[in-house]
Amino acid sequence: MEKTFDAAAEEPRISALWREAGAFAAGAHARPGADAFSILLPPPNVTGSLHMGHAFNHTLMDILARWKRMQGFDTLWQPGLDHAGIATQMVVERELAKAKAPGRREMGRDAFVRKVWEWKAQSGGTILRQCERLGDSFDLSRNAFTMSGAPAAPAGEEGNFHDAVLRAFVTLYERGLIFRGKRLVNWDPHFETAISDLEVEQVEEMGSLWRLRYPLEGGATCEHPVAFDEDGRPTAFETRDYLVVATTRPETMLGDTGVAVHPDDPRYAHLVGRTVRLPLVGRSIPIVADAYADPEKGTGAVKITPAHDFNDWEVGKRAGLGAINVMDTRARIALRDNAGFWAGIDGGDELADLDGMDRYEARELIVALAKDQGWLDGIDAETHTVPHGDRSRVAIEPFLTDQWYVDAEKLAGPAMAAVREGRTRILPESQEKVYFHWLENIEPWCISRQLWWGHQIPVWYGDWVDPQGRLQHEAGGATPPADEPHVFAEHGRLVRAFCGASREAVREDAEAWYRARMGERVIVRFEGESEDVAGEFPEEADVAFVMLRRDPDVLDTWFSSGIWPIGTLGWPEETDDLRRYYPTSVLVTGFDILFFWVARMMMMQLALVGEVPFRDVYVHPLVRDEKGKKMSKSLGNVLDPLELIDEYGADAVRFTLAAMAAMGRDLKLSRDRIAGYRNFGTKLWNAARFAEMNECRPVPGFEPTGVRLTANKWIVGETGRLRVALDAALGEYRFNDAAAALYGHVWGKVCDWYVEFAKPLLADPETAAETRATMAWALEQCLVMLHPIMPFVTEALWGQTAERGTVLALGDWPTFGAEMIDAEADAEMNAVVGLVDEIRSVRAQMHVPAGAKVTLVTVETAEPAWLDRNRALVARLARIERFETATEAPKGAVTVTVGGFAFAIPLAGVIDVDAERVRLAKAIEKQEREAGGLRSKLGNAAFMARAPEEVIDEARARLEALEEEITILAAARDRLAGL
RNA sequence: GGGCGAUUAGCUCAGCGGUAGAGCGCUUCGUUCACAUCGAAGAUGCCGGGGGUUCGAAUCCCUCAUCGCCCA
């Protein structure tokens, strides 16, 4: 064997081994009749590449999957990719621009979608190959994709996911849980699409607060304070014929439809109901009373632009103000063909200059005009939060449009109940509160996107026909009848919506509806279909013809990933997989997508199949850099997991992540830490190397509880202890405890002590055979139990140390436990360890040369039995040459105590009396401090009366042992005084 | 503004009612036949401040301070 594990060379070979063995197939290594353990890979974006967050998330899942698989559960780890609407469309558009190819608009929708599929075939899914480097054991034969089976999907992209998404939409639509509405949305002017609340990030920016003067109409005036007394009360006023409003967005004044003041604001009470004349525009707009106007902020009067601000929208609704949209989809001022804008005004020349201008240019121009025309009252610097699109990074524009919404409030109830009733657990518990808080305050979820890459909404529109059979072609401005839920106003006319999972279903539905209103001779066609109706009604000339146009929008990516749990298992078909693996066992995810994904999956699965999607949700922290900063490309502090794997090996990276995965806190990753765990792998490797050199090979039928030698019994017991601790930790997602238990066992027990104990035993023919077998077994168990966290090095050693019938990934997880512990062996070896530690410590402190051999004197008539039996070990580990007994410690010796026995080490000529005096004094002081505490405790009547008996007994026993040691040490100190 | 969390050894963090822990770093010693990606030994803590509950508090409660994060 080499001295170290060559991760770079071995890892690909081992990955291939697993692939060939089909080790990750669902159900591999399942016991007959085993329960299922299923876990979903949160589908990475098809555009993505593996970053540290994935590496962490995947490592935790892989540990669970490998552990459960080895335990014999019917394990499914379901992988797949997310089509990631905006992100992918963005990437492909960027690629097209880079290649100087025609852009999206030039090539048209169908061609563009084909391009995206081409791109996906070529470079999508890189991330899944990168996952192999990490050791992810998901079942790639079941790889899913959120766009599989979509109409334009090329060969090889078949699947049911598209059908499932449409089915989900139709089901929710039919149950009234999806609706269409005209309201303000968060509009991304860069991508020209609506986005949901969650995709908006609030960014704090330095900005200005502009004060604008709006002239009062009808001779109204207001008194404005100009001087104050020392208590801040106004003492002098000036009469003004204008109102000052403060705004951070002067450009939206073009769409103002009112000015609000607080109802209790004495300054303006008399003005409520009057009007102001909007500068530049010339529109008369009312002054309204609304508590939204904060008397403390600005001037206390606030301009109201319902079409461009969420708060103003609400004020406008309350006050009955109209909403005038003054921008286009790219957030440019749009006035020319804007009928709503021109209604009732004729406007000044400046408006022509503003038309078509970007919103920020328009802002500058309007401020300049205000200054020139004397209605700019002043400018204050102010910081404020500005909403930004999380993908585009541009300021979003509240925008009045028709969009599809999920009535999230109705879905939230069952999602909260499921957690409240414990059908789904969220861990750590603190995340439950976050979950509830969000669901309790949930707003309708905007799910339509004005994009091309995604699931096109399965809704078609045809002209509305009223119950009397009259077509409403030109019903401009008509509002949909209240009793008709499927009727909407589209581009100024009424349309009837038909929703269905297939064209056939929609055609049938539509035909039935139209025929009921217009007679049997109605032909329904989809846009793009032939308009030739001759074949169907050859005899009839007066056939009514209805054309259905599909809603061009696509669904929010999170709508489709929201059904990931059932969609990947074949829903809406009632598949065996669904029965077998649903609900999934656990979802492992970062808290950053608790709302985006987890809560929505809960809502959607409960709505669609009436059952929770997962039993447990383990919410893990985010990976940050060494300084605790979120890793980001712009900060340049990104640690690339692949680079780290190249440098330290996948096992080291995985172990580090597991070791740092304590619940509820961010984890800060450092290279030192990874190097440390790489060293741990080397340590294990060399223990195996030692075993190989000593011909320790697994013995078939080896029975660990049948060993005779104390040291062997001891390591068998320690191994049992580890299994219990490890399973307990993993069962509660305490990955860091699992990692610590393994580290402590392998390094602290096996390597530090058992290997050393074994050395003399291996040299003695009497004890060699049993020790070889035990050593092989103990190491084998280390490999097995370490495998979920460090799969590569353990698999390599597994294959190297014996002929195996199977890969370790499909090895059997142990079930032994506390019954393996032999209390006597435990006590004996602990005494040996204690003695060796004491002697080593004394030697180091007395500066005894490392190579020097010394004598150990038991200050007693006879040696304790445990020492007698383990002389060879102590001799070797503590460098003892001779063992003696004496009733009194020799002069010039140092004293140590172990298990109530006093041992002396004669160091005549070597001993530094002063150093020994200091050492003893220090030891006694420490013991006395503890003993003192215990004595006062035991002397405390309240403690004796109220503390549990075990605690009292424990304290007594501990005090007794302490006093014994103190006696010995004190005697040693007194003897020293004579020197 | 609302909510959540953190404050423990030089650093990064466990522990969350019964004797203060780990890794890294640091100091000293060591080329003993598994391992220098190593071994042995060692130092370092009023467990953020104050108050309370309790026989007993790093751990539970209150409060203050500081720092994060999420939602407005």
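The structure presented is a predicted model; accordingly, all values stated were derived computationally and were not measured.
- Residue order along RNA chain B, read from the 5' end via each residue's closest nucleotide, puts A:Phe943 first among A:Thr385 and A:Phe943.
- If you check every strand for non-hydrogen atoms under 4.0 Å, A:Arg958 touches a base.
- Atom name P, nucleotides B:U8 and B:G48: the rounded distance is 6 Å, in whole Å.
- The neighbour count for A:Glu409 CD, taken as heavy atoms of other residues, nucleotides or ligands under 6.0 Å away, does not exceed 12.
- Checked against B:A14, B:G18, B:A41, the side chain of A:Asn736 finds its nearest nucleotide in B:A14.
- Side-chain N/O atoms of A:Lys683 and base N/O atoms of B:C35 include a donor-acceptor pair closer than 3.5 Å.
- Inspection of the A:Glu964 and A:Thr967 side chains reveals no N or O donor paired with an N or O acceptor under 3.5 Å.
- Nucleic acid contact for A:Glu756: base, since at least one base atom lies under 4.0 Å from a heavy atom of the residue.
- As judged by a 4.0 angstrom heavy-atom cut-off over every strand, A:Arg678 is placed among the base-contacting residues.
- Closest to the A:Ser841 side chain, of the nucleotides B:C24, B:C35, B:A41, is B:A41.
- Classification of the A:Tyr754-A:Trp714 ring pair by plane angle, with boundaries at 30° and 60°, yields tilted.
- A gap of 15 Å separates the P atoms of B:A14 and B:G5, to the nearest Å.
- Rounded to the nearest Å, the gap between the C1' atom of B:C67 and that of B:G25 is 24 Å.
- Of the candidate nucleotides B:U37, B:A34, B:G18, B:G18 has the atom lying nearest to any side-chain atom of A:Pro948.
- Between the C1' atoms of B:C35 and B:G42, the separation comes to 23 Å (whole Å).
- With a cut-off of 3.5 Å on both pairing distances, B:A43 has no Watson-Crick or G-U wobble partner at all.
- For A:Phe591, the listed nucleotide lying nearest its side chain is B:C69; candidates were B:C69, B:A34, B:A72.
- Pair check for B:U54 finds none; no Watson-Crick or G-U wobble contact set falls under 3.5 Å.
- Residue contacts shown for A:Val434 are absent, as no nucleic acid heavy atom lies under 4.0 Å away.
- Distance from the side chain of A:Ala844 is smallest to B:A41 among B:G18, B:A41, B:U12.
- Atom pair A:Lys3:NZ and B:C33:P shows a separation of 10 Å (rounding to whole Å applied).
- Rounded to an integer number of Å, the gap from A:Tyr677 OH to B:C38 P is 13 Å.
- Of the possible polar contacts, none joining the A:Arg876 side chain to the A:Lys759 backbone as a donor-acceptor pair under 3.5 Å is found.
- Looking at A:Asp953 and A:Arg956, a side-chain N of the basic residue comes within less than 4.0 Å of a carboxylate O on the acidic one, giving a salt bridge.
- Outside the 6.0 Å centre-distance limit, the rings of A:Tyr648 and A:Tyr677 are not counted as a close aromatic pair.
- Nucleotides B:G18 and B:G2, compared at atom C1', are 39 Å apart to the nearest Å.
- Residue contacts for A:Asn311: at a heavy-atom cut-off of 4.0 Å it reaches no nucleic acid atom on any strand shown.
- Across the P atoms, B:U7 and B:U44 are found 24 Å apart, a figure rounded to whole Å.
- Rounding to the nearest 0.5 Å gives a distance of 9.5 Å between CD1 of A:Ile839 and CG of A:Leu877.
- Atoms CD (A:Gln202) and P (B:G1) sit 17 Å apart, rounded to a whole Å.
- Summarising the base pairing, B:A14 is matched to no nucleotide, lacking a Watson-Crick or G-U wobble pair whose two defining distances lie under 3.5 Å.
- Using N1 to N3 plus N6-O4 or O6-N4 for Watson-Crick, or N1-O2 and O6-N3 for G-U wobble, each under 3.5 Å, B:G68 pairs with B:C4.
- You'll find that the side chain of A:Tyr743 is closest to B:G23, out of B:A14, B:A41, B:G23.
- Between B:A41 and B:G3, the two C1' atoms lie 50 Å apart (nearest whole Å).
- Residue A:Lys433 has a polar side-chain atom (N or O) positioned under 4.0 Å from OP1 or OP2 of B:G5.
- Look at CD on A:Glu440: it is 12 Å from C1' on B:G3, rounded to the nearest Å.
- B:C47 and B:G51: their P atoms are spaced 14 Å apart (whole Å).
- Salt-bridge annotation for A:Arg689 and A:Glu692: absent, with no side-chain N of the basic residue lying under 4.0 Å from a carboxylate O of the acidic one.
- One interatomic measurement links the two molecules: CZ of A:Arg879 to P of B:G39, which rounds to 17 Å at whole-angstrom precision.
- Checking A:Ala687 against A:Trp747, the closest nucleotide of RNA chain B that is more toward the 5' end is the one next to A:Ala687.
- Counting only heavy atoms from C-beta on, A:Asn679 has its side chain closest to B:U37 among B:G39, B:U37, B:A72.
- The interatomic distance linking A:Phe595 (CZ) with B:G3 (P) rounds to 15 Å, in whole Å.
- Between A:Arg876 atom CZ and B:G39 atom C1' there is a gap of 13 Å when expressed in whole angstrom units.
- Pairing partner, B:C38: B:G30, with both Watson-Crick or wobble hydrogen-bond distances short of 3.5 Å.
- Rounded to an integer number of Å, the gap from A:Arg956 CZ to B:G18 C1' is 15 Å.
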